[in-house]
Amino acid sequence: MSDYQPVLLANIHREDSHKLAVYEAAGGYRALRKTLREKSPQEVVGIVRASGLRGRGGAAFPTGLKWSFLPEGHPGPIYFCVNADESEPGTFCNRVQMEHDPHQVLEGTILSCYATRASTAYIYLRYEYPLAYRRLQDAIAECYEAGYLGKNILGSDFSLDIHIHRGAGAYICGEETGLIESIEGKRAWPRIKPPFPAVEGLFRKPTVVNNVETLTCVVHILDRGVEWFQSLGVPPDPDNPRDAGSYGPKLYGLSGHVNRPGVYELPLGVRCGELIEEYGGGVWKGRRAKAVVPGGVSTGLMSQSELDTPLDFAGPVSVGCLGLGTAGVVVLDETYPIIDFLYNSCRFFAHESCGQCTPCREGTRWALRILERIKGGRGRLGDLDLLAEIGEGIGIIPGTTICGLADGAAWPIKTALRKFRDELEDYIRRTNPTGYMATGPAEAVDVAEVA
Amino acid sequence: MDNSNMTITIDGQPVAAEPGMTILEAALAAGIYIPNLCHHPDLKPVGICRLCMVELDGRGLTLSCMTPVAEGMDVRTESPDIDKVRRVATELLIANHYPDCLACAKNDRCELQRIAAYVGVDQKGLERLRRTERRFEVDRSNPFFDYDPNQCVLCGICVRTCDEIVGVNALDYAFRGFQTVVSTFGNRPIAESTCVSCGECVVRCPVGALVPKDMPRPSREVKTICPYCGVGCSLYLGVRGRRVVSVRGDRESPVNQGRLCVKGRFGYEFVNHPERLTAPLVKRNGRFVEVSWDEALGVVAERLQGYRGDQFAAMASAKCTNEENYVIQKFVRRVMGTNNVDHCARLCHAPSVTGLVQSFGSGAMTYSIGEIQDAASIFAIGTNTTSAHPVLALEIKRAVRRGAQLIVANPKEIDLVRHACLFLQHRPGSDVALMMGMMRVIVDEGLEDKAFVAERCENFEAFRESLSAFGLDFVETTTGVPREKIVQAARIYATRKPGAIFYSMGITQHTHGTDNVLATSNLALLTGNVGRTSSGVNPLRGQNNVQGACDMGALPNVYPGYQKVSDPDVQAKFERAWDGPLSPNPGLALTEMFDAIDQGRLKALYLMGENPALSEADANHAREALEKLEFFVSQDIFLTESNRMAHVVLPAASFAEKDGTFTNTERRVQRVRRAIEPPGQAQPDWWIICQLARRMDVGGFDFSHPSEIMDEIARLTPSYGGISYNRLENGGLQWPCPSADHPGTRYLHAQRFNTPSGKGRFVPLQYRPPAEEVEPQYPLVLTTDRSLYHFHTSTMTRRVEGLEKLDGRELLRIHPDDAQRLGIADGDRVQVRSRRGRIEVQAQVTEICRPGVVSLTFHFWEAPTNVLTHAALDPVAKIPETKVCAVAVEKA
């Protein structure tokens, strides 16, 4: 695999890689020209469907299938939203793409809008990405200038406007219906589905929401073809009719206790250990890994013994994690206390819960309170059972809450308890030697509000 | 759509359901409980509490509150997964809930308790989680209810109520996640928000977060009708011992469906007020002395013997029941031998009667409150509906939510404007010009309903000619409204049907009030917006029973049912029925009585529950007149600014202490029921008058119960012919209801108008300016208004502590431009002068008023606005022009 030549990241090391001229010189907008000339929107949907492309934002939903949910013959407008809110802890691949290759993102957006007959696209951009904001703004201006955006793009009868909408620092805005509410100017409270956005989305019109990286894949599928795309990655498991396969290139955001953190493009299915050792230069300071987050904190933890797991859409599931998620791989070395990981992740999700659904609003905060108690030296062994109960109760059953946040909050809890229970019990015994066996009502803990 | 019922299966039981229902609704309707917290039948489902999970067709968990029923659905309400989800959510909610159930006002009515009991929470689980400290301060800023966020379960019912039901949006969520709280704009106390204290959120709160202050639970409840405005909301008075302690809206009522406003829900303290009159008072040596009924009645009967004929007059009361108004007008006519009886309708809707009778043949609201929601356009002119008819305003807002376009025409930017698509801020008194301008546009653009005009109307040509004087240049200059807006309003109202017109005092209280009313009826006839459901011309009646008092003939020119006293056949009918001679001469209008007293023609006055010293235009004149009376007797529940001048004051029973009927603004006759005993020796008004008649040796007053009076009313009043108490138990009846098997009438003029020809009559109109115009000495126009928190002269509302806290003083509203020119800052004391009097009030500088216009209410005796107003009368309706007078304002 070491001879793999990057496609999605092919452009980023060029000088002025964010500029139109550089992008065009490397073959940029070739796919757009060809597609507008030769393919109908339906054909584009068909190609993307045939490629088996699955969404890169975390849920891995088949992109072409999502597009096909749009009502046929809708009089419009149809809206397209680019989810560039990239807020999952440990995730930063979109950032690199938007900062260093904004035109690739725009070409993917324009092609996808053509396929879905959307006339307006909104890029919902994480506020903390000011450089990406400027680069995308400049790139959009260049596109209008060059006729890639606006009325009658490249002389076709396809017209498109793209607007950038900056978020204001809330994780929930990355949930697609929360994102839609936020663009509409409301609290980003996710909507109950159905209706799905394809039927009733932004401003109550049919809407597609896709992740940045997904859209850049679309460019190359249309440029190089379905066969090329399927030559990369892992085909579906023939024994599992529900497996849609893991085709194509993938960006892995490697961070944590590794020697060379960064964004690595590899075909889907690289083994976790290989990614860390061969690309990340191994765990830092000559240590061993204790645990690895396979794809953003909400996917949970893999233990050291599970590093052989392939990082495709099915791999992390096979070792009891939520999935590949955003492929934000975070390495924790052997000295790092799992209690700290758990505390930080719970603190994050409690802070980011929108407050709408009871189990999430209450559950994430109570999990945090228990962890605060443990970290404060007043933990009891029974607290771990209680944590497990909350983790199971708020997350595991689909439909418990409106969106996936509570589920995401539950996986770190569940995997940590399952895989690192000994260490956690040890911690409690050590820090609360006189009270760790206690039962009965817990003393009230005075906790600073999580702001 | 298939409207047939369907069957679904819940836990193996077949359950009938209707299309459009959710699973939860079908289950609850069938008596099957599914735990739920954020569901409320009045509100759209949101699915956020996550407690109402069910398993559907083996497909896994789904929210029963969000899932519509489908034929053959197989629903399970119990499974290990369902139990787990519910249990975790319930335990977490309770863990975060202040635990003192026994001290909570919602104890045993709490949905969280109910859910906990059903789910069966694990004590150990709670102990591990439970929080016992309060995180939040309790917000006690509202005088009527408290908000305790520590008890809140964030179901959002209050937030959605304030949005979907009330349209005020005082409440919303603040912060996020676990920090989420229901709060106001800027997280300020509720009293500092836009909250209108209606309490709709309080009644819907499923837990103890929003609870009424000091509202003990009643030992029994009595269904009756609200004593405030003409909407006629049905409510339950809660009684404990001998006191009224609570009020609850009647959800079964077709009028209010359980909703109430701040006055109706919280403004009943006056009933138990220590200042209630409890014994007859006779003035001796300038002071009132308590006497027995026997003595008081004796004095009154003896004195009245000497004033029979036209030297006597009575003011009946729109606050009293139909039966009482019937009895007093019968007393005046039969015992005193005069037609000098009138009441405060003279000051509010006399032009509606004189105007609408000309065009439609009947002076009442043409349609029903329940039809408002289906209007496609609504033209609200001269009505501050959210203040004066709050619950009816909810229906207007509901119509807007359902797609109606609302046009508001008002000299002030009233609250309703927030819901309007178009706001016409016309000059006070320019209503005829505004509406004739709209009609000019409609005719010029050919938007009139030609078939309706041809088939159902008459006198169109003469009317059309009168439109020629209303070119848009003239209309724009006269009204101050940009012509584009007039054109737009005309198009909306003429093309979006059904279109309804609502108006109130802003139309009637003018010297050309009748013309104003005729302009509304012309507009409705022109567009075919009358005689059909959800359309029509709808005068909003002010007092709880002003419609009924008019219907009962508490008017100088008509007997009950608007039968003319000047008609010999009618006279003969009533002489037969009442067994004695009656006067054929129409009596004095209320507004004429003061001049008649002044001139010595009128010497004795019987005042039933009115307060003319505050409510009359040019009130100083009225007050002086009252002082000149040779004999002045009053019956009331309190001493008022007026009856302090009386020779005898008789203690009356309040609405809560008597049986009877009120007729609301939509002609609905509704039962008023005795909930408690009157205080002390107080007696119902009908009883007092009947006693008096008997002492004056006139027969026909031997009623032992108001139902017997209603039977007599029905015999003599065609439109009430089918009304009797046993038919009024549920929801009342809307007149005309001519016979015992008649169901009542939802909207009028469906087939024919009540005019002699049966056709709707167009009336040509001219523009006439107000009687008093501004001049250098009096450069501002004063117009009068109402506060949501007070009623009329505030005899009742200012005896409710909370209402007084919410609105305790008069404010002169003045535009910043005028204020700046006069050197007045917000909050300054100012003196307001007219040619007739002066008052001192506090100024409120606000852009609500247009420049050149100032406004006052007339609720406050300390600043009696009506000493300023002008008693110039409409020549037909004899209503004074309280909406326009010229004043000067300066710093006090």
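Each chain gets a letter, A, B and so on, in the order the sequences are listed, and its residues count up from 1.
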Above 12 or not: heavy atoms from other molecules or residues under 6.0 Å from [atom1] of [X]?
{"X": "A/R429", "atom1": "CZ", "answer": "yes"}
{"X": "B/K44", "atom1": "NZ", "answer": "no"}
{"X": "B/E137", "atom1": "CD", "answer": "no"}
{"X": "A/F69", "atom1": "CZ", "answer": "yes"}
{"X": "A/R187", "atom1": "CZ", "answer": "yes"}
{"X": "A/F61", "atom1": "CZ", "answer": "yes"}

Quick one: pull up [atom1] in [X] and [atom2] in [Y] and give me the separation to the nearest 0.5 Å.
{"X": "B/E91", "Y": "A/L386", "atom1": "CD", "atom2": "CG", "answer": "8.5 Å"}
{"X": "A/R361", "Y": "B/L92", "atom1": "CZ", "atom2": "CG", "answer": "9.5 Å"}
{"X": "B/T180", "Y": "A/E362", "atom1": "OG1", "atom2": "CD", "answer": "9.0 Å"}
{"X": "B/I48", "Y": "A/C360", "atom1": "CD1", "atom2": "SG", "answer": "12.0 Å"}
{"X": "B/K84", "Y": "A/E389", "atom1": "NZ", "atom2": "CD", "answer": "9.0 Å"}

Shortest non-hydrogen contact from [X] toward [Y]:
{"X": "B/C49", "Y": "A/P359", "value": "O-CD, 4.2 Å"}
{"X": "B/V46", "Y": "A/I192", "value": "O-CD1, 3.0 Å"}
{"X": "B/R176", "Y": "A/A170", "value": "NH1-CB, 3.3 Å"}

ask   = So, does B/R50 use its side chain to make a donor-acceptor pair with the main chain of A/T401 at under 3.5 Å?
value =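 Here the side-chain-to-backbone pair exists.
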
task = Could you check whether the rings of B/F178 and A/W366 sit parallel, tilted or perpendicular, using 30° and 60° as the cut-offs?
result =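 If you compare the ring of B/F178 with that of A/W366, the planes turn out perpendicular.
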
Less than 4.5 Å to any heavy atom of chain B: does that hold for the side chain of [X], its backbone, both, or neither?
{"X": "A/A188", "answer": "neither"}
{"X": "A/C354", "answer": "backbone"}
{"X": "A/R191", "answer": "neither"}

inquiry  = Just so I understand: if I count every heavy-atom pair under 4.5 Å between each of A/T358, A/I172, A/L405 and chain B, which residue has the most?
reply    =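 Among the listed options, the one with the most contacts to chain B is A/T358.
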
message = Less than 4.5 Å to any heavy atom of chain A: does that hold for the side chain of B/L37, its backbone, both, or neither?
response =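 For B/L37, no heavy atom lies under 4.5 Å from chain A.
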
key: Proximal component of B/Y173, with respect to chain A [non-hydrogen, under 4.5 Å]   =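 Looking at B/Y173, backbone and side chain both touch chain A.
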
message = Would you say that A/H351 contacts B/Q179 through its side chain, given a criterion of any heavy-atom pair below 4.5 Å between the two side chains?
response =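 No. Closest side-chain heavy atoms not under 4.5 Å.
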
query = For chain A, which of B/L51, B/T62, B/L154 has the most heavy-atom pairs under 4.5 Å?
reply =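 Most heavy-atom pairs within the cutoff with chain A belong to B/L154.
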
